[in-house]
**Student:** 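Have a look at this one.
All residue numbers in this chain count up from 1 along the given sequence.
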Amino acid sequence: FARPRERGPVVAVGGVLGVGKTTLAAALSRRLRLPVVAEDGARRGLAGEGDPFSPAAGRRTCAEFLRRARAVLGSGRGVVLDGPFRTRASRGRARRLAERAGRGFLVVEVVCPAGVLRRRIRGHRPDSVGDLPERSWREFEAPGEVAAGERMRIESVEAPEAMAAAVEERLRGGVEVGGRP
């Protein structure tokens with residue numbers, strides 16, 4: 001307990017609906033002993049504040065999500081961020097959060113085959129599958145703007161623990177802090 005703890009990274013776990021982001025985030029939390037801050041949790045925390053799908057609600061959710069992540073980083077710990085990170089802007093906000101805290105940053109893009117994704121969504125939302133997987137993919141902006149040293153892609157067809165081990169191995173190889181390895 002007397003030894004200072006290493007300041008952990010900011011790991012942003014993202015991808016389209018149903019790929020297994022939350023499952024991987026939970027496995028990473030257990031493996032890395034880092035708390036998870038989930039965008040869904042921030043949204044639920046703001047329930048009852050008007051139309052949850054309005055642009056204003058989206059901005060409030062984003063602000064609450066980042067506030068919670070800053071609180072964790074302020075305690076000296078790293079954090080696993082569980083959200084879609086489907087736009088360049090959302091990934092940029094997560095990266096700036098890491099930079100300001102002087103932490104390493106890694107975007108983990110979770111993907112899976114279309115058939116697996118369709119079954120997963122059907123299991124959670126049986127009446128609303130339709131073109132949801134395809135629409136989610138169309139709306140997702142690939143993280144090409146994120147430096148190679150700050151991103152990895154993982155296919156969620158393995159056990160969550162195996163995926164978390166792969167991410168941990170990548171983190172052990174070094175992630176960039178403020179643009180430097």
**Student:** Specify the closest pair of heavy atoms between Ala27 and Pro160, including all atoms of both residues, with the distance to one decimal.
**Tutor:** CB-O, 3.6 Å

**Student:** Would you call Val110 and Thr23 a side-chain contact if the rule is heavy atoms closer than 4.5 Å?
**Tutor:** no

**Student:** If every non-hydrogen atom of Ser90 is compared with every non-hydrogen atom of Phe85, which pair is closest and at what distance?
**Tutor:** OG-CA, 3.3 Å

**Student:** Within the side chain of Arg103, is there an N or O that forms a donor-acceptor pair under 3.5 Å with the backbone of Arg77?
**Tutor:** yes

**Student:** Got a second to check how far Arg91's CZ is from Glu141's CD, nearest 0.5 Å?
**Tutor:** 6.0 Å

**Student:** Does Arg153 CZ have over 12 foreign heavy atoms under 6.0 Å away?
**Tutor:** no

**Student:** Can you tell me how far the CZ atom of Arg31 sits from the CD atom of Glu168, to the nearest 0.5 Å?
**Tutor:** 4.5 Å

**Student:** Just how far is it from atom CD of Glu39 to atom CG of Asp82, taken to the nearest 0.5 Å?
**Tutor:** 8.5 Å

**Student:** With heavy-atom distances below 4.5 Å as the criterion, would you say the side chains of Val157 and Pro113 are in contact?
**Tutor:** yes

**Student:** If we only count heavy atoms from C-beta on, is the Leu34 to Val79 side-chain gap below 4.5 Å?
**Tutor:** no

**Student:** Identify the heavy atoms of Ala12 and Ala94 that sit nearest to each other, and give their distance.
**Tutor:** CB-CB, 4.4 Å

**Student:** Quick one: pull up CE in Met163 and CG in Leu24 and give me the separation to the nearest 0.5 Å.
**Tutor:** 5.0 Å

**Student:** Does any non-hydrogen side-chain atom of Arg93 lie less than 4.5 Å from one of Phe65?
**Tutor:** no

**Student:** Quick check: do Val13 and Val167 have side-chain heavy atoms less than 4.5 Å from each other?
**Tutor:** no

**Student:** Answer yes or no: is there a donor N or O on one side and an acceptor on the other, between the side chain of Arg86 and the main chain of Val16, under 3.5 Å?
**Tutor:** no

**Student:** Check whether any side-chain heavy atom of Pro9 sits under 4.5 Å from a side-chain heavy atom of Leu106, and report yes or no.
**Tutor:** no

**Student:** I need the Ser75 OG to Arg70 CZ distance, nearest 0.5 Å.
**Tutor:** 13.5 Å

**Student:** Do side-chain atoms of Arg67 reach the backbone of Ala63 as a donor and acceptor pair under 3.5 angstrom?
**Tutor:** no

**Student:** Would you say the side-chain atoms of Arg30 pair up with the backbone N or O of Glu161, donor to acceptor, closer than 3.5 Å?
**Tutor:** no

**Student:** Would Arg68 and Glu64 pass as an ion pair if we require N to O under 4.0 Å?
**Tutor:** yes

**Student:** Search all heavy atoms of Ala98 against all heavy atoms of Gly104 and return the closest pair with its distance.
**Tutor:** CB-O, 4.0 Å

**Student:** Keeping Ser29 on the side-chain end and Ala25 on the backbone end, is there a donor-acceptor pair under 3.5 Å?
**Tutor:** no

**Student:** Return the minimal non-hydrogen interatomic distance between Arg170 and Ala148, and the atom names on each side.
**Tutor:** NH2-O, 3.8 Å

**Student:** Which heavy-atom pair separates Ala69 from Leu97 by the least distance, and what is that distance?
**Tutor:** CB-CD2, 3.6 Å

